[in-house]
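Written out below as structure tokens is the structure these notes cover.
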Amino acid sequence: MTDSARQRLAVASLVFALAAPLAYVTQRIYERARGAIVSPFLLVRDLHVGYFYRVAIAVFVGGAIAAIAQRVLEASDARPERVGRRLGLAAYLITAIVFFISLRFP
Amino acid sequence: VIDRVLQAVHGHAGVLAAIALLHPAILLRDGRPLSRGGTWSVGLTALITALAYGLGIGIYGSYRTHVKRELFRASFEAGLLFETKEHLAFAIICMTLGAAFATFVAPRGASELRRASARIFGAAAVLCFVTSALGIGLAAIRDFPGG
């Protein structure tokens, strides 16, 4: 594998690291918005384990976004190093968003 | 009994993961290529974090059945904090595995990518400390029966 291909793969991996948690909390906000959260005292009667569905969907969406990012990098002449630097900075912002939503809309 | 043991191991692994995540965050901050020790550090950090998360998933079904409702009954706010904990746990595992894979696959000259990984490891460490603290606090409120 060439160095540039490895760089693109690394960027895609970093994109996944940030996109999957965002996809997760987006689903959570959607669930809260449509009122799907039932009384916690009924949780044991709920056969649908929402957490596993959210995780599976978030992994899929994160993976898809990472694959798209890799293809975009391949097709354009953007330097993966520069994209990586921006992702590093975006990590703080995305972490803050995920933390805020997790705490505010549990 | 086995659930209580797994929960204890899960809690200890979570605290260990929070501390372990700091190491690659510091190690990779200047973007230097991975040494052999650095490779072990990143690999073991990913392994410990995955172990903590995997154990959490392993006892989730039983926890939901035996503890979660009681936790909500004891304190509604504590029940919601458990929800927060599971959201943050997913973010931590994604960030850790993504940053670890990026670190391994990045070529020697890609220092910016390793710096980005270091930042993501650092952010994951902060979230992991919060999650561990929540886990310890919630276990003090309600635990598996039989304790």
Side-chain angles (χ1 to χ4, degrees), chain A residues 1-25 28 37 39-46 49 51-52 54-55 58-59 62 66 79-96 98-99 101-106, chain B residues 29 31 53 56-57 60-61 64-73 76-77 79-124 126-127 130-131 134:
Chain A
M1 192 184 282
T2 63
D3 274 5
S4 58
R6 288 176 62 179
Q7 280 186 330
R8 286 195 298 271
L9 198 57
V11 168
S13 183
L14 295 175
V15 167
F16 171 82
L18 301 177
L22 269 185
Y24 179 97
V25 292
R28 189 60 176 170
I37 313 299
S39 165
F41 299 108
L42 300 176
L43 282 176
V44 77
R45 299 168 198 273
D46 185 9
V49 183
Y51 182 64
F52 295 142
R54 282 197 301 276
V55 164
V59 167
R79 288 176 47 217
E81 283 274 293
R82 188 177 294 175
V83 178
R85 188 184 310 147
R86 286 177 185 164
L87 283 174
L89 296 174
Y92 296 132
L93 178 66
I94 290 173
T95 303
V98 168
F99 182 73
I101 292 174
S102 300
L103 203 60
R104 184 70 185 81
F105 306 101
Chain B
R29 74 188 187 285
Y53 185 76
I57 290 293
Y60 186 70
R64 240 173 133 256
T65 309
H66 295 113
V67 185
K68 196 169 178 180
R69 196 165 52 160
E70 294 304 316
L71 181 66
F72 269 104
R73 187 173 290 164
F76 190 77
E77 285 72 26
L80 293 179
L81 283 175
F82 176 77
E83 303 279 330
T84 298
K85 178 181 174 287
E86 64 184 30
H87 305 331
L88 294 181
F90 177 70
I92 293 163
I93 191 69
C94 288
M95 292 167 86
T96 304
L97 295 183
F101 186 75
T103 307
F104 285 136
V105 83
R108 289 183 70 80
S111 56
E112 280 299 334
L113 295 178
R114 275 187 291 276
R115 281 196 195 102
S117 292
R119 290 185 177 123
I120 293 176
F121 274 123
V126 172
L127 292 183
V130 172
T131 307
L134 285 176

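Residue numbers begin at 1 in each chain, while the letters A, B, ... track the order of the sequences.
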Problem set entry | Among the listed options Gly84(A), Ala96(A), Ala66(A), Pro21(A), the residue most often paired with chain B at heavy-atom distances under 4.5 Å | Pro21(A)
Problem set entry | Contact origin within Thr103(B) toward chain A - heavy atom pairs under 4.5 Å | neither
Exercise. For Val130(B), is it the side chain, the backbone, both or neither that has a heavy atom under 4.5 Å from a heavy atom of chain A?
Worked result: side chain
For this session: For side chain to side chain contact (heavy atoms under 4.5 Å, CB included), just list the numbers for Phe90(B) and Val59(A), CA-CA rounded to whole Å, side-chain angles, deciding distance to a tenth of an Å, and then say yes or no.
Result: CA-CA 10 Å; Phe90(B) 177 70; Val59(A) 167; 3.9 Å; yes
Problem set entry | Closest contact, heavy atoms only, Tyr24(A) versus His87(B) | OH-ND1, 2.7 Å
For this session: Please look at Arg54(A) and chain B and tell me whether the side chain, the backbone, both or neither of the residue comes under 4.5 angstrom of a heavy atom of that chain.
Result: side chain
Problem set entry | Proximity of Phe101(B) and Phe16(A) rings by center, below 6.0 Å | no
Exercise. Tell me, do Ser117(B) and Leu14(A) make a side-chain contact under 4.5 Å, heavy atoms counted?
Worked result: yes
Exercise. Does the side chain of Thr95(A) reach to within under 4.5 Å of the side chain of Met95(B), using non-hydrogen atoms?
Worked result: yes
For this session: With a 4.5 angstrom heavy-atom cut-off, could you sort out which part of Ser111(B) is near chain A: side chain, backbone, both or neither?
Result: both
Problem set entry | Any donor-acceptor N/O pair, Ser102(A) side chain to Thr84(B) backbone, under 3.5 Å | no
For this session: Working to the nearest 0.5 Å, report the span between CZ of Phe99(A) and OG1 of Thr131(B).
Result: 8.5 Å
For this session: Taking only Lys NZ, Arg NE, NH1 and NH2, and the carboxylate oxygens of Asp or Glu, determine whether Glu112(B) and Arg79(A) approach each other closer than 4.0 Å.
Result: no
Problem set entry | Leu18(A) portion near chain B, given a 4.5 angstrom heavy-atom threshold | side chain
Problem set entry | Arg119(B) side chain near Leu89(A) side chain, heavy-atom distance below 4.5 Å | yes
Problem set entry | Shortest non-hydrogen contact from Ser13(A) toward Gly98(B) | OG-O, 2.6 Å
Exercise. By a 4.5 Å heavy-atom criterion (distance strictly below it), what part of Leu71(B) contacts chain A: side chain, backbone, both, or neither?
Worked result: neither
Problem set entry | Per-residue contact mode, Phe82(B) against chain A (heavy atom under 4.5 angstrom) | neither
Problem set entry | Side chain, backbone, both or neither of Leu127(B) within contact of chain A (heavy atoms, under 4.5 Å) | side chain
Exercise. What is the ring orientation for Tyr51(A) with Tyr53(B), classed by angle as parallel under 30°, tilted 30 to 60°, or perpendicular over 60°?
Worked result: tilted
Problem set entry | Heavy-atom contact with chain B under 4.5 Å, split by part of Tyr92(A) | side chain
Exercise. How long is the gap from CG on Leu87(A) to CG on Leu113(B), to the nearest 0.5 Å?
Worked result: 8.5 Å
Seminar exercise, completed: Counting heavy-atom pairs under 4.5 Å with chain A, the top scorer among Ala110(B), Ala106(B), Ala91(B) is Ala110(B)
For this session: Could you check which of Ala90(A), Ala91(A), Ser4(A), Gly88(A) has the highest count of heavy-atom pairs closer than 4.5 Å to chain B?
Result: Gly88(A)
Problem set entry | Side chain, backbone, both or neither of Val25(A) within contact of chain B (heavy atoms, under 4.5 Å) | neither
